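This report refers to the structure that appears directly beneath it.
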Amino acid sequence: MKHLLVVNLFFAPRSFGGATIVAEEVARRVAASGEWRVSVLSFSGFGDVAEPTLIRTRLPGGVDHYTLNFGGDRTPDQEFDNPAMTRAARALIAEIAPDAAHAHCIQGLGAGVIDALEAEGVPILLSTHDYWWICEKIFMLNHLGVYCRQEEIDLKICGRCVYDSSGLQARWDKSLATLRKPAVITYPSRYARLQHERNGAPAERGFVLANGVTPPGPDYAAKRAARTSKRLRFGYIGGPGPLKGWAMIERAFRTLDPEAAELVVVDAATHLGASWWSEYRFGPLERHVTVVPGYTMATVDDFFAGIDVLLFLSTWKETFGLTSREAALRGVHVIATDCGAPIEPLIDGDTATILKGFGSASSLRRAMKRLVAEGPPTPSDAGREKIAAEIQSYDHQAAEVMRILGEITASAPSAPRSSSSE
């Protein structure tokens, strides 16, 4: 049986964000296939230690989970490439000797993890989930929290909002050099691939492999039918910052009748033992709002069965959009900004209401008032067919990942594994 090392910033039981869900769901299926034994490497930043500390745990199903903990203050440059983390990662990789690696989001662990894998002769599949490789701020938001709208990246523009512009060129050069080390790079959407490859990622190694989405369970329809609230329930998943358009929602909701509309806010930070909303002052909006804990793959149906409309008001061009797809698969209407990949499987006026550009409080208000008055439209046959064609399962994604892993391990040159991290 071959040995796969999955690398991601977070992993169960510290699950947070769509990329982590993807990493966990695919890894679980790869492990269940019987073809691969799976280990995991993740990051944590607790305390204040001089050198990274390795924490070993065992997850259900026999998965070995290795966490590199490195607390204390770190600059963005150190988050991107930290020699201490690279040394610690290489020592672990040399010890466990995986046959291949599937790397996802490696913030904190650093780009040096890819160097460490290459140095130990491990073939690498890299699955991107955001813009970390081409943007220090990950989401291409400038110092004002506004999407910078760059397509071909101009480092002079980036220099106005990064932590230290003097290191920007070095980060860029390191990033592009590192992207040439994986055998294969996958992107979760057409938009994500285009944005990376027009900025130097190797086109000959990349292709689109959409992330999987958990389909509704057999009792989802019954759960949805059992809901009795007379108010139209809008769902919002995110924090009070600029990324997901909270300020727009807050302004728009103030004009809605609280007897006709409710806002269900998912506090996803509860997965990390924290909260975005426990001390937030909703003010006049409080009469509309119910805050619920972050849902899991076991409770995703319960959440979506309890809302009528998902608000997906991203203020940047996202690379995928898991929650918009979860909603669409479950027949939940989506109000979305024109934010790139999240709306790729949706049809405006049918399965979604798509606001021009990144939207505004006034355009959102008009859309919500229309839905409150008329109710969300029933998806058409064309709308359902597009969703079915463009949203795939984790089973499909895992099968593709195993196919790729088989190819890159079969073609990888045999290389001696070092017995040290030198």
Side-chain angles (χ1 to χ4, degrees), residues 5-24 27 38-60 62-96 98 101-117 119-120 129-130 132-133 135-139 162-164 167 171 174 178 238-241 243 267-280 293-294 296 420-422:
L5 178 63
V6 175
V7 187
N8 192 60
L9 170 61
F10 295 112
F11 207 87
R14 296 180 67 240
S15 299
F16 179 77
T20 304
I21 292 172
V22 170
E24 291 171 354
V38 174
S39 297
V40 175
L41 172 61
S42 69
F43 171 79
S44 65
F46 297 114
D48 189 358
V49 293
E51 287 290 326
T53 301
L54 183 65
I55 303 169
R56 306 179 185 220
T57 55
R58 177 64 67 91
L59 300 179
V63 172
D64 290 315
H65 184 184
Y66 303 92
T67 301
L68 280 174
N69 182 75
F70 197 13
D73 295 330
R74 293 179 302 279
T75 67
D77 288 343
Q78 291 170 328
E79 288 281 346
F80 178 73
D81 187 24
N82 190 323
M85 291 297 290
T86 303
R87 289 193 299 271
R90 186 172 178 188
L92 172 65
I93 293 162
E95 176 186 342
I96 66 175
H102 187 188
H104 295 269
C105 294
I106 57 174
Q107 291 91 317
L109 293 165
V113 169
I114 303 296
D115 299 335
L117 288 164
E120 292 300 319
H129 296 273
D130 50 42
W132 183 73
W133 290 100
C135 174
E136 179 181 299
K137 294 193 168 182
I138 303 176
F139 306 115
V162 299
Y163 172 80
D164 180 8
R171 184 194 193 278
K174 170 68 176 177
T178 306
L243 278 178
D267 192 350
T270 57
H271 291 305
L272 297 178
S275 174
W276 286 325
W277 300 102
S278 61
E279 298 182 5
Y280 189 82
T296 66
S420 72
S421 60
E422 295 179 359

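Worth saying up front: this structure is predicted, and the values here are computed from it rather than measured.
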Closest non-hydrogen contact found for Ala84 with Phe70 is CB-CE2, 4.1 Å

In terms of the angle between their ring planes, are Trp132 and Phe80 parallel, tilted or perpendicular, with boundaries placed at 30° and 60°? tilted

**Item:** Intermediate values then yes/no, side-chain contact (heavy atoms from CB on, under 4.5 Å), Ile93 and Leu117
**Value:** CA-CA 7 Å; Ile93 293 162; Leu117 288 164; 3.5 Å; yes

Distance col, row Asn8:CG vs Leu109:CG, nearest 0.5 angstrom, shows 8.5 Å

On a heavy-atom basis, the closest approach of Leu41 and Leu5 is N-CD1, 3.9 Å

Are any of the side-chain heavy atoms of Ser39 and Tyr66 separated by less than 4.5 Å?
yes

Of all heavy-atom pairs linking Thr67 and Ser44, the shortest is CG2-OG, 3.4 Å

*Determine whether Asp130 and Cys105 make a side-chain contact, defined as any pair of heavy atoms from C-beta on separated by less than 4.5 Å.*
yes

Item checked: Pairwise side-chain contact, Leu54 with Leu68, heavy-atom cut-off 4.5 Å (strictly under) -> yes

- Heavy-atom check, side chain of Leu9 versus side chain of Phe16, under 4.5 Å: no

Evaluate the side-chain hydrogen bond (donor to acceptor under 3.5 Å, both in side chains) criterion for residues Thr53 and Asn69: first the C-alpha distance (whole Å), next the side-chain angles of each, then the deciding distance (0.1 Å), finally the verdict.
CA-CA 5 Å; Thr53 301; Asn69 182 75; 5.3 Å; no

Correct closest heavy-atom pair for Ala27 and Phe11 would be CB-CZ, 4.1 Å

Worksheet item: Hey, mind stepping through Ile106 and Trp133 against side-chain contact (heavy atoms from CB on, under 4.5 Å) and telling me if it holds?
Response: CA-CA 10 Å; Ile106 57 174; Trp133 290 100; 3.8 Å; yes

Give the intermediate values and the outcome of salt bridge (Lys or Arg N to Asp or Glu O under 4.0 Å) for residues Asp115 and Lys174.
CA-CA 11 Å; Asp115 299 335; Lys174 170 68 176 177; 2.3 Å; yes

Report yes or no: does Gln78 contribute a side-chain atom to a donor-acceptor pair with the main-chain N or O of Thr75 at less than 3.5 Å? yes

Counting C-beta onward and ignoring hydrogens, is there a side-chain heavy-atom pair between Glu24 and Ser15 closer than 4.5 Å?
yes

Has Glu136 got a side-chain atom pairing as donor or acceptor with Tyr163's backbone, closer than 3.5 angstrom? yes

For Asp267 and Ser275 the tightest heavy-atom approach is OD2-OG, 2.5 Å

Considering only heavy atoms from C-beta outward, does the side chain of Val6 approach that of His104 to under 4.5 Å? yes

